[in-house]
Every structure is written in structure tokens, then in C-alpha cells.
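All values derive from a computational prediction rather than experimental measurement.
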Amino acid sequence: MTKKKIVGVSIGVVALIVVIIGVVVFQKQASEKKKIEEAQSQIASIEKETKKDGDLYKEIASLYSENQDFLAEKIDLEAIETAEESLSKKQVEVDALKKKYGSDVDVDAAELYIKKLQQKIALANDKLAVQTDVNKLFSSKESAIDGETIQKQLPITTELTKEDISDVSERIEANKELQGDWKEAIDSIIKNATNQVDQVEKIKKMIDEAFDGNVPKDTVKQSDYDSLNKEIAKVRNEELKIAFTSKLILMKTMIDTKSQLDSLSKQQKEAEEEAAKAVEEAANAAVNAAAEQASKADDILAGYSDDQIEYARVWLAKFGTKPSELNATRIAAGTPINPYNASSMTYPTEVIMLSGGFTAEGSIVYASNHNGTVTIYSVPGHWPAASAADPEVSMTLTQEILDNAQVMSVPAGNPNDVRDLILIQR
């Protein structure tokens, strides 16, 4: 082969190689471009879901009422956590695409929409916490605020103090994101609670001024009675109203007795002195007896331990009936919830198991929150056989018990009913 032909063949081979390399590079670039386009499409899909009217946007918006200021009715922490988990997944997807493709993909809009929804979820969580605290200020089974429904006339709890209200108010004021009509509604509810506490303190002061201990002062007048009666009529908590009314009855007894004594002053001096002495003795006896009766009512639970009183009140709050006997068992924190399988979840804190004398009378497992409420754990009376043999089944069942624990308010109840249950405790 001549030198000229060799050179020609070499050039041809080089040209072919260049063409092949070009094709490979082009195909790789085309493939990479397609992946970037697919990634951008995925990001666009996330944008669509998280912007207004998107599916995820609607899910998070459903945590609120229609005006997106008040929370939705019956909302709970589980609904918020579910929405938060859904949004977190989208954030993870965006972060992964951003890490993989860098500036080749545009994630700004998706990140902005996600950030706004994260803020919306955080605000819902804060509002729910506030609503829970505010509702605890009142003794009614109704909520002071649920969705856009506001109850401004509910009675406060018996032991509520201004310090309790201040603690709630300070936490609210510290969060500058809590604004709008919802904040105004919360403020109005707290004002209602404050006014009721002020009313109770006012009545207690009037009683202190009119009484020496449990006995009315002999200086009390009908005007004192009328003023106190007027103020007691404003009290919404029935338990407090009954306690205050018992004092009112003592005042009335004293006033009526004094009136009878005054009417006898018109009689002859000798007869008036004898009659006055007899009436005064009768009046003192009546007042002392009434005072003693009131004192006994106040002290009906004196001498019983806080635990005994709590057990009785919790049982009455849960069942409202008197069992044949009331058994109380303390269970230490860390104890397996399923006593038949050590692999079960454990109680996070000490709990109390209350049970009647018979299985049919019921049982309850709770942890005291030391604030007038308890946390109820729905522990079954009879465990499925599989939960004893299968650790996984036991773990699942006991985790559900922890996840579904519910907070229950425990009212003071009728002291006589409470005492009756204390007397049958074992």
C-alpha cells in the first residue's frame, strides 16, 4: 500500500472515532437533560400540591376553619402531626433533588410554598396548645373554644386562681404569631375567667368581713345579707355557689333571730329580759348548730388522704356509680403495659389501676396530672392470646394504648359520694 493510501485510511479512522465520540457525548447529554427535565417535573408536581388549592395545601388548610384564622372544630394533635408528616416528606423529596441536580433544577417556588405551610402547621400547633390550656380553666364538659364556637358563660373550675390565668396569658402574649379574631376570642374567654375569679374573691372578702370563723358577727345587717346574696347570684360554678349559700343561710338565721329579739323589746321590762335571754340562748344554739353543720360539711373529707380522695373522684368522673368495693393498685413507671409479655411498651410514668369488686363493675388505668385532670390509658381487661405469645403483637397493641391516651377532667364531685367510695376502698 502506498504512503498516500495509508494516510488516507488513518484520516478516515480518526474521523470515524470523532463521530462515534460525538454521538456518545450527545446521547449522554440528552439522557442527562431528560433526567433534569423529569426532576423539574417532579418539583413542579410538589409545587402544585403545596401551593394554594393543591392537595397538600388543602389538607393543611383543613386544620383551620373556613376563614383560616380559627382552628377547625374537634381538631386534635394527631391531625396536625399527620399533616406535618405529609409536608415533611415533600421537603425531603425537594432536598434530595436539589442535592442531586444542584442549580440545574429550580426549587425556589417549591421551597417557598413548603415553608409557608410549615409556618401554618406550627401556628396550628401553637393555637391548639393555647386552646387546650384555656379550656382547662373551666369546669364544664363543653369547650370554651372549639372551632369558631365560643362559650363565654362557662363556669370556672373551683380552685382556679389569678396566677393560673396569668400563666396562660403570659404564654399567649409571648407568641407574637397569635393574632386576629382568634386572639380576640381567646382574650375574651380569659377575661371571662378573670371576671369570675374576681367575683369569687370579692364574695370571700365579704364573707370574711361578716363572719368570725363559721359564725356570723352579731353586727351583720339585712343590707349585708342582701349585698352578699346579690353577688352570690352572679357565681356560675354551682359548687362554689352552694358553699357560699351555706354562709348566707347562717347570716339569715342570725338576722332573723336579732329581728325577733328587737320585737320583744316593746314588751314589759321584766318579761322582755326573761324572753330576751331565752331567745338569745335559742339563737346562739341555732347559730352554733348551723355553724357546726357547715363546718362538718366543709370538713367531710378531712382526715382522708389526697390519694383516697383522688381514687374516689376519678372513679366517679369515669363511671358515676358506686361499686361493691374499690381496689387501687399503684403501677411503677417503666412497668410493661401488657403483664403477659415483657416485650410490650411500658408506662411512661406511675399509674393507678382502679377496679370494682367484680369484673362487670369496670376498671380504669390512669396517671394523675396534678392539675385537676388525669390521663386515661385504655388497658383491656382481657388481653388477646396472641399478645402474650407474639412480642410484635404486644408491642403494637401497647403502643396504640399509649398513642390513644386521653386527658379527662376530674371534678371535685359531691363530698358525700366521694366519702362513700373512700369507705369501700381496699
query = Under the salt bridge (charged side-chain N to carboxylate O under 4.0 Å, His left out) criterion, do K183 and D187 qualify, and how do the steps go?
reply = CA-CA 6 Å; K183 173 65 162 48; D187 288 342; 3.0 Å; yes
S305 vs D307, side-chain hydrogen bond (donor to acceptor under 3.5 Å, both in side chains): CA-CA, chis, key distance, verdict = CA-CA 5 Å; S305 70; D307 287 341; 5.2 Å; no
query = Given the rule in the salt bridge (charged side-chain N to carboxylate O under 4.0 Å, His left out) test, do K234 and E231 qualify, once you have shown the distances and angles that lead to the verdict?
reply = CA-CA 5 Å; K234 300 175 184 177; E231 297 303 326; 3.5 Å; yes
key: Intermediate values then yes/no, side-chain contact (heavy atoms from CB on, under 4.5 Å), K89 and L56   = CA-CA 11 Å; K89 290 179 180 179; L56 187 51; over 6 Å; no
task = Check the pair V418 / Y304 against side-chain contact (heavy atoms from CB on, under 4.5 Å), numbers first and verdict last.
result = CA-CA 10 Å; V418 173; Y304 297 115; over 6 Å; no
task = May I have the step-by-step check of side-chain contact (heavy atoms from CB on, under 4.5 Å) for I186 and K127, ending in yes or no?
result = CA-CA 10 Å; I186 291 293; K127 287 186 174 182; over 6 Å; no
inquiry  = Is there a side-chain contact (heavy atoms from CB on, under 4.5 Å) between L301 and R419? Walk through the geometry before answering.
reply    = CA-CA 7 Å; L301 299 179; R419 182 188 59 187; 4.1 Å; yes
key: Test log, rule side-chain hydrogen bond (donor to acceptor under 3.5 Å, both in side chains), inputs N135 and Q131   = CA-CA 6 Å; N135 286 333; Q131 290 186 183; over 6 Å; no
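Between F70 and D181 the shortest side-chain heavy-atom distance falls below 4.5 Å. Taking 4.5 Å as the limit, some side-chain heavy atom of F211 sits within range of a side-chain heavy atom of M251. Contact annotation: the side chain of V393 approaches that of L397 to within less than 4.5 Å [non-hydrogen atoms, C-beta and beyond]. Looking at heavy atoms from C-beta onward, I114 lies in side-chain contact with I46 at the 4.5 angstrom threshold. A heavy-atom distance below 4.5 Å is not found between the side chains of Q406 and T375. Using a 4.5 Å cut-off on side-chain heavy atoms (C-beta onward), V215 and L250 make no contact. Between Y101 and I43, every side-chain heavy-atom pair lies at or beyond the 4.5 Å cut-off. Inter-residue side-chain proximity for Y311 and I422 is flagged as unmet; no heavy-atom pair is nearer than 4.5 Å.
A side-chain donor-acceptor contact under 3.5 Å links D69 to the backbone of W182. Without hydrogens or angle criteria, N125 side chain to I121 main chain gives no donor-acceptor distance under 3.5 Å. A donor-acceptor contact shorter than 3.5 Å is absent between the side chain of S394 and the backbone of D390. Checking side-chain atoms of D224 against main-chain N and O of K221 turns up a donor-acceptor pair under 3.5 Å. In this structure, Q196 contributes its side chain and L154 its backbone to a donor-acceptor pair below 3.5 Å. Remark: the backbone N or O of Y57 is not paired with any side-chain donor or acceptor of K52 at under 3.5 angstrom. At distances below 3.5 Å, at least one donor-acceptor pair connects side-chain atoms of N404 with backbone N or O atoms of E400. Proximity of a side-chain donor or acceptor of S227 to a complementary backbone N or O of S223 within less than 3.5 Å is detected. Looking at D106, its side chain does come within 3.5 Å of a backbone N or O of D108 through a donor-acceptor pair. The closest donor-acceptor contact from the side chain of T253 to the backbone of I249 lies under 3.5 Å.
The minimum heavy-atom distance linking A39 with V105 is given by the pair CB-CG1, 4.0 Å. Heavy-atom minimum distance, T346 versus I337: C-CG1, 3.9 Å. Here the closest non-hydrogen pair linking L87 and I60 is CD2-CD1, 4.1 Å. Of all the heavy atoms in I300 and P415, the pair that sits closest is CG2-CB, 3.2 Å. Heavy atoms only, all atoms of each residue included: G362 and W315 are closest at O-CH2, 3.4 Å. Among all heavy-atom pairs drawn from N416 and N414, the shortest one is N-OD1, 2.8 Å.
Taking a 6.0 Å sphere around NZ of K217, one finds it holds more than 12 heavy atoms contributed by other residues, nucleotides or ligands. With a 6.0 Å radius and a threshold of 12 heavy atoms from other residues, nucleotides or ligands, D226 has its CG atom above the threshold. Atom CD of Q399 has more than 12 neighbouring heavy atoms from other residues, nucleotides or ligands inside a 6.0 Å radius.
Rounding to the nearest 0.5 Å places CG of L97 at 4.5 Å from CD of Q42. Taking CG of N195 as the reference point, atom NZ of K152 lies at 12.0 Å (rounded to 0.5 Å). Atoms NZ and OG, from K162 and S169 in turn, are 12.0 Å apart once rounded to the nearest 0.5 Å. Here K98 contributes atom NZ and S103 contributes atom OG; the two are 11.0 Å apart, rounded to the nearest 0.5 Å. To the nearest 0.5 Å, atom CG of residue D55 and atom CG of residue D53 are 10.0 Å apart. Between the CE atom in M254 and the OG1 atom in T219 there is a gap of 9.0 Å [rounded to 0.5 Å].
In this structure, K120 is positioned above the aromatic face of Y64, its NZ or CZ under 6.0 Å from the six-membered ring centre and within 45° of the axis.
Ion pairing of E310 with R313 is absent here, as no side-chain N (NZ or NE/NH1/NH2) approaches a carboxylate O to less than 4.0 Å. We find that K90 and E47 are not joined by a salt bridge, their nearest charged nitrogen and carboxylate oxygen being 4.0 Å or further apart.
The side-chain contact (heavy atoms from CB on, under 4.5 Å) test with L240 is passed by exactly one of L160, T157, V235: V235.
Between Q91 and D95, the side chains place a donor N or O and an acceptor N or O closer than 3.5 Å (distance only, hydrogens not considered).
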